[in-house]
There are 2 protein chains.
Amino acid sequence: MGSAIFQHIKKFIDWGVDDQEILTPFLQPLSVKKKGFLLEQGQICRANYFVVKGCLRLYFIDIKGAEQTIQFVIENWWITDLTSFLFQEQSEFYIQAAEATEVIAIENHRYDEMFQKLPKLERYFRLILQKNHQASQRRIKFLYSQTAEERYRNFNHLFPEFVQRVPQYMLASYLGFTPEFLSKIRAKK
Amino acid sequence: MGSAIFQHIKKFIDWGVDDQEILTPFLQPLSVKKKGFLLEQGQICRANYFVVKGCLRLYFIDIKGAEQTIQFVIENWWITDLTSFLFQEQSEFYIQAAEATEVIAIENHRYDEMFQKLPKLERYFRLILQKNHQASQRRIKFLYSQTAEERYRNFNHLFPEFVQRVPQYMLASYLGFTPEFLSKIRAKK
DNA sequence: ATCATTTCTTAAACTACATTAAGTTTTTTC
DNA sequence: GAAAAAACTTAATGTAGTTTAAGAAATGAT
C-alpha cells in the first residue's frame with residue numbers, strides 16, 4: 001500500500017523502511033469515479049490528496065454560474081484547498097476527478113501528529129510546496145503573457161497528451177476563456 | 001541585527017537564542033532605494049528576500065513591452081524568483097522596490113547549508129510556503145472571478161492603505177488591466 | 001442497439017477593455 | 001524653486017473574446 005507515495009518521497013529525502021511503517025497508518029487510499037468529488041463548495045476540506053493514478057481538477061463556480069478551473073493535477077502531485085484544509089473553514093472550491101482516479105489522502109485531524117512523529121516530512125513538504133510555488137509563478141505569468149489564442153496554442157504544444165485527457169470545456173476554463181471561443185480557435189487551423 | 005526576522009520565526013516555530021546565533025551568519029541585511037532592483041531579467045536570482053520595511057514587487061515585461069506585476073510583498077513576507085533561485089537559471093523577472101525598502105537576504109550558495117545546520121527551519125519555511133500557496137490560490141480565483149472594474153473596487157475595499165502606497169500603473173498591471181482603464185474606472189464614481 | 005445526456009460547433013450580435021495620442025498634474029532632481 | 005521626468009487623465013477608435021441560441025456529434029446508461 002502506498003508504494004507510489006513512498007517512491008515519490010524517496011526522490012526528495014532520505015527515507016527508510018522504518019519511516020514507511022510510521023507513515024502508513026496516516027495514509028488512506030481512495031478511489032474516485034470520473035466526475036466524482038473529493039470536495040464540494042460549502043464543505044470543509046478533510047484531506048491533502050496525493051494522486052497515484054488519474055487526474056483531478058480544482059475549480060469554483062463564478063458569479064455568472066460558469067466553472068473556472070484553477071488547477072489540474074496528475075500522477076505524483078498533491079492537491080487540496082489549503083485554506084479550508086488548514087483552518088477547517090468552508091471551501092469555495094470543488095475538487096473533482098476528470099477521469100477515474102486513485103488517491104492517497106492524509107486527513108487534517110492527523111496532519112500535525114504526522115509531522116510530530118516524522119519530522120523529516122517537514123522537508124519533503126517544504127520541497128513539494130516549493131514546486132507548487134514555482135508552478136503558480138509560471139501559471140500567473142502564462143495568464144498575463146499571451147492572448148487567449150496564444151495560450152491555447154502554447155499549452156497544446158507543451159502538453160499535447162494532456163489536452164487529450166480532459167474535456168475541452170475544462171481546458172477552456174483553465175486557460176481563461178469560453179468553450180465557444182476554443183472551438184473557434186480550433187476551427188481556424 | 002535581524003530582529004524582525006527572528007520575531008517572525010518565533011510566531012511559527014519554537015525558537016531560542018542559540019538558534020539565533022546559528023542563523024545570524026546566514027543573514028545579510030540590504031537596503032534598496034525606491035525603484036532599485038534586487039533582480040533583473042537575465043540575471044540569476046541570488047537570494048531569498050525577507051522584507052523588514054517597505055514594499056517590493058515581482059514583475060516581468062510582456063511581448064508588447066508592458067510591465068506585468070505578478071506579486072507585491074510588504075513587511076514580513078518573503079519574495080524570490082524560486083525557479084531562478086533554486087536552479088541558478090536566468091530569471092525572466094524583475095524584483096523592484098516600490099518604495100525605499102530594507103530586506104534580509106539569504107543567499108543561494110548557503111541555503112542548503114542553513115537547513116543542515118538548522119533543520120527546524122524546514123518547518124518554518126514549510127509554513128511560509130503554505131501561506132504563499134494559499135495566497136496564490138486566492139489570487140488566481142480573484143483574477144477569474146470578476147471583471148476588471150470589480151477587481152479594482154474589491155481590491156480597493158480590502159486594502160485601501162496599500163492602494164495608496166504604490167503608483168497606479170503598478171496596481172493596474174497587478175489587477176490585470178491598463179493604467180488608462182484604471183483612470184476611467186476612478187473617474188466614474 | 002437505442003435513447004438520453006453531455007460535449008462540441010457555428011455564426012451573428014454585442015461589450016469590456018485595449019490602443020493611440022495629446023494634454024495635465026505630480027514628483028523628482030539639481 | 002525651476003526644469004525635467006514620471007505619473008495620471010481624457011476621449012475617440014478598434015478588437016479580442018463573450019453571449020446567445022440552435023444544431024451536430026460523441027459518450028454513457030440500460
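In what follows, chains carry the letters A, B, and so on, assigned in the order in which the sequence lines appear, proteins first and then strands, with residues in each chain numbered from 1.
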query: Does a nitrogen or oxygen in the side chain of A:K64 sit under 4.0 Å from OP1 or OP2 of D:dT19?
result: yes

- line: B:F177 CZ to C:dT15 C1', in whole Å, measures 17 Å

- prompt: NA contact type, A:F181, heavy-atom cut-off 4.0 Å: base, sugar-phosphate, or nothing?
  reply: base

task: Would you verify whether the NZ or CZ of B:R186 falls within 45 degrees of the ring axis of B:Y152 while also being under 6.0 Å from that six-membered ring's centre?
output: no

query: When the distance from OH of B:Y169 to C1' of C:dT26 is rounded to whole Å, what number comes out?
result: 13 Å

message: Taking the ring centre of each residue, are B:Y111 and B:F85 less than 6.0 Å apart?
response: yes

- prompt: Roughly how many Å is it from CZ in A:R151 to P in D:dG17, rounded to a whole number?
  reply: 7 Å

field: Integer-rounded Å distance: C:dT9 P and A:L171 CG
entry: 12 Å

field: Transitive ILVMFWY side-chain link B:L127 to B:I104, under 4.5 Å
entry: yes

- request: Considering just the side-chain nitrogens and oxygens of A:R186, establish if one lies under 4.0 Å of OP1 or OP2 belonging to C:dT9.
  value: yes

- prompt: Contact class for A:S183 (heavy atom, under 4.0 Å): base, sugar-phosphate, or nothing?
  reply: base

field: Length of the line joining B:K188:NZ and C:dC17:P, which is rounded to integer Å
entry: 9 Å

field: Nearest listed nucleotide, side chain of A:A187, among C:dC17, C:dT10, D:dT10
entry: C:dT10

- prompt: How many Å lie between CD on B:E150 and C1' on C:dC17, as a whole number?
  reply: 14 Å

- request: Measure from the side-chain heavy atoms of A:Q168 and tell me the nearest of C:dT9, C:dT7, D:dA7.
  value: C:dT9

query: Parallel, tilted or perpendicular: which fits the ring planes of B:Y94 and B:F37, with parallel below 30° and perpendicular above 60°?
result: tilted

message: D:dA7, OP1 or OP2 - any side-chain N/O from B:K35 closer than 4.0 Å?
response: yes

- prompt: Rounded to whole angstrom units, what separation is found between the NZ atom of A:K34 and the P atom of D:dT27?
  reply: 9 Å

field: Per B:E180 side chain, nearest of listed nucleotides C:dT7, D:dT10, D:dC8
entry: D:dT10

query: For B:K184 and C:dA16, is the shortest distance between a side-chain N/O and OP1 or OP2 below 4.0 Å?
result: no

message: Under 6.0 Å between ring centres: does that hold for A:F72 and A:F162?
response: yes

query: Looking only at side-chain N and O atoms, does B:T178 come under 4.0 Å of OP1 or OP2 in C:dC17?
result: no

Separation of atom CG in A:L182 from atom P in D:dA16, rounded to whole Å: 17 Å

